[in-house]
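The next block holds one structure in the form of structure tokens; read it before the comments.
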Protein chains: 4
Amino acid sequence: MTPPNSDRRSERARQAILRAAIELCRDPGFTDMTMEAIAKRAGVGKQTIYRWWPSKAAVVLDALHEQTQPSATFPDTGDVVADLRAQMYAVVSAMTSPAFVPYTALIAAAQSDPELARRVLDLIVAPRVAECRARLEKAQADGQVHDGADLGMAVELLYAPLYYRLLLHTAPPGRDQVDRVLTLLTTGLLTPQRP
Amino acid sequence: MTPPNSDRRSERARQAILRAAIELCRDPGFTDMTMEAIAKRAGVGKQTIYRWWPSKAAVVLDALHEQTQPSATFPDTGDVVADLRAQMYAVVSAMTSPAFVPYTALIAAAQSDPELARRVLDLIVAPRVAECRARLEKAQADGQVHDGADLGMAVELLYAPLYYRLLLHTAPPGRDQVDRVLTLLTTGLLTPQRP
Amino acid sequence: MTPPNSDRRSERARQAILRAAIELCRDPGFTDMTMEAIAKRAGVGKQTIYRWWPSKAAVVLDALHEQTQPSATFPDTGDVVADLRAQMYAVVSAMTSPAFVPYTALIAAAQSDPELARRVLDLIVAPRVAECRARLEKAQADGQVHDGADLGMAVELLYAPLYYRLLLHTAPPGRDQVDRVLTLLTTGLLTPQRP
Amino acid sequence: MTPPNSDRRSERARQAILRAAIELCRDPGFTDMTMEAIAKRAGVGKQTIYRWWPSKAAVVLDALHEQTQPSATFPDTGDVVADLRAQMYAVVSAMTSPAFVPYTALIAAAQSDPELARRVLDLIVAPRVAECRARLEKAQADGQVHDGADLGMAVELLYAPLYYRLLLHTAPPGRDQVDRVLTLLTTGLLTPQRP
DNA sequence: AGGTAACCGAGACGGTACGTCCCGTCTTCCA
DNA sequence: TGGAAGACGGGACGTACCGTCTCGGTTACCT
């Protein structure tokens, strides 16, 4: 997928590799997966993998991304807070499902692989952020959010706690967390009491 | 530091190993560091490392933790927001300094090593969280924060965005980010405008 | 048994070590036996072994030698050939018994350990050779062997074929081999036929 | 040379390995030689050695065998005894040359490695024995040896004393030994004197 | 229609690090 | 001071993968 340009590329091999990668995410898991194992399971020469991907992380990222359905778009019922809650509940569900483990591994791998980091960001994080941002903008236009609110930071504040728990393992992300985050953000209680 | 119990342990070797680990964090970096390199640089047999630590990540964690000064306590000038800002500025400084890179690597490594995750949490994250929490509680007692505010979530909301940027590489954590987070949290603008 | 001189030596430890060596000859076998295993099984510090023996081969040699009864002396019925046959049968029995395996291992070890070679020779081979030689000399005095016969070489010729088979594994040493050796040596058929 | 079947094998690597083995026989010697040293000197990965040989002894055996010229055949001047003497002198020369040391080491190693023992026997011992046997049979046909003589045992009796001295270190094999062996075997003096 | 150039499978190759085993020395504490 | 215990520096083990390479074979295009 990177260096040699060709439509002579074998679609059969490509799919077999992605398929094998997905399967190996399940069983030995991302960390214990090897290029050799992918090649063997896909019935493919190692060279064929190295020809199109730079690392196992790149293969897995492609594999995960390919199998992901176009993803439902951000809900819009007219009530921003309800919509945010619904969407964040969905994210929590995803994060706590076993199928999410390899995503976490990819984020970990990306810490020492800038190119991978960029691709993870572009493929996985950015689209969700953009949608959330768009929903907030619409809400602002609807008057459900202050004109002066810092929407960019709002997006970060909404999702960051989920990733925080996911990656620091302080606790699993959860629905109550979502509720508390929304409460804090929408009530602004982090301010002095009025006497 | 885990399996064999003994006070016959060589303090000389222990320190040489931790020292070597720190040095190797700088030069080849955590990812390219190997147990063999640590042993060689420390002038120590590999077995001596494996006897006391289960992985290079464990060694590095101990090394980083040992070299860390008792850590300045949370500032308390009487103004919570100012104190939070000061402390978070400090965290931003730390995170963007080259010396922080290995911490990031440890968090990455912890994604596939639950025991390491626990130790990272206990040694690095938990104490900071506790201090922040304590400061917020004092602020609440002082009436600078609403009685009903969810302080636990507040701590998460304050720090999560920093880790979010750090680990997802959306942008480097920064002072302006801190300012915007504090603004959003203290003004509660994520609410409908009053007409 | 070599360097430090002392009667403070612990007889208990010495016997435990030799005993352990014998037992380990049986189970993991000489080749797979280690100093550490001997120490552990003997309930002895490694240092205690190294203090008195230079190598595991030395320990095993002592152990084997100590457990060997003073050894029956060469038979003397008046008939040299019969006596030789009897004695050589006994050697064949010994060589083909499982208990002989470590002796073979010692001879092998001696190939790269001159000091061990000397001790193996002195303790194991030389006494038997001397006895055989003495019996042949008596036979010569009795007129059962030619005055001109080269008795030193005769001893070599009698025993060499047994060691030859033992060490080159062309075939196991056997009674028929003994018979055929004796026949060839006593009939001198390796000469032209008389017409 | 055993497990994977393939003509994809690198002849370059094979030769480099055998060459390195020969050289290391000279300098650190068989006992102190390591697989790692062979690999390093041959400029080869360790795996490449392990892929084709089970042990360093196997490598050395192949190396020695490959470098050995097809070997001069048994002399045949018409005089068996002279021919035997000539051939055995040659064996003595070989055995007492420094180049023979690794053969001795192989025989030692074979004591705890049945497969190696078989290969040493087949490659080194058996051919020589067969040639000697053939020469004796021809002598028997020529009437230079009794019809009833036990030729198989004769071969053993001729060579065994040389190996006996070589391996038990009673004395170095020598020409005088050869002479005395031949004398004893051809005169049959190990019999009662005729009055 | 034949030639040729690319991808493909297979897996050997030179290498590096792994985690383990044992070496022979040392250190510590006990009797 | 000898012995038990076992940690220590060291070095080789045999294995696992890395990423590159060579080797036929099989397409698919290009004359």
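Protein chains get the first letters and strands the later ones, always in sequence-line order, with residue 1 at the start of each. For the numbers below, each heavy atom of this structure counts, side chains included, while hydrogens, waters and symmetry mates do not.
Annotation: of the two residues near DNA chain E, A/Ser10 and B/Ala37, the 5′-most nearest-nucleotide partner is A/Ser10. The residue among C/Gly45 and D/Thr34 whose nearest nucleotide of DNA chain F lies closer to the 5′ end is C/Gly45. Toward the 5' end of DNA chain F, the nearer of the two residues C/Ile17 and A/Lys56, judged by each one's closest nucleotide, is C/Ile17. Comparing D/Ala39 and B/Met35 by the nucleotide of DNA chain E whose heavy atom lies nearest to each, the residue mapping closer to the 5' end is D/Ala39.
Here the NZ-CG distance, from D/Lys56 to D/Leu61, works out to 14.0 Å after rounding to the nearest 0.5 Å. B/Met33 CE to B/Ile22 CD1: the interatomic distance, rounded to the nearest 0.5 Å, is 8.5 Å. Rounded to the nearest 0.5 angstrom, A/Met35 CE and A/Ile17 CD1 are separated by 9.0 Å.
Taking side-chain N and O atoms only, C/Arg12 has a distance below 4.0 Å to OP1 or OP2 of F/dA4. Considering only side-chain N and O atoms, B/Thr48 lies under 4.0 angstrom from the phosphate OP1 or OP2 of F/dG9. Contact annotation: D/Arg51 side-chain N/O to F/dT15 OP1/OP2 distance is not under 4.0 Å. A close approach under 4.0 Å does occur between a side-chain nitrogen or oxygen of C/Trp52 and OP1 or OP2 of F/dG3.
For B/Glu11 and F/dC8, the CD to P distance is 11 Å, given to the nearest whole Å. At whole-Å resolution of the value, OH in A/Tyr50 and C1' in E/dC7 are 18 Å apart. Taking atom NZ of residue B/Lys46 and atom P of nucleotide F/dA7, one finds them 19 Å apart after rounding to whole Å. Atom CD in C/Glu36 sits roughly 12 Å away from atom C1' in E/dT25 (whole-Å rounding). When the C1' atom of E/dC21 is taken as reference, atom NZ of C/Lys40 falls 13 Å away, rounded to whole Å. Protein atom CH2 of B/Trp53 is 16 Å distant from nucleotide atom C1' of E/dG19, rounded to whole Å. The interatomic distance linking B/Asp7 (CG) with E/dT27 (C1') rounds to 12 Å, in whole Å. A straight line from CD1 of A/Ile38 to P of E/dG11 spans 18 Å, rounded to a whole angstrom.
Seen from the ring of C/Trp52, C/Arg14 does not count as a face-on cation partner, given the 6.0 Å and 45° thresholds.
Salt-bridge check for B/Arg26 with B/Glu23: failed, with every basic side-chain N at 4.0 Å or more from each acidic carboxylate O.
B/Arg8 contributes no side-chain N or O that forms a donor-acceptor pair with the base of E/dT28 under 3.5 Å. Scanning atom types as modelled, one donor and one acceptor separated by under 3.5 angstrom connect the side chain of D/Gln47 and the base of F/dA16.
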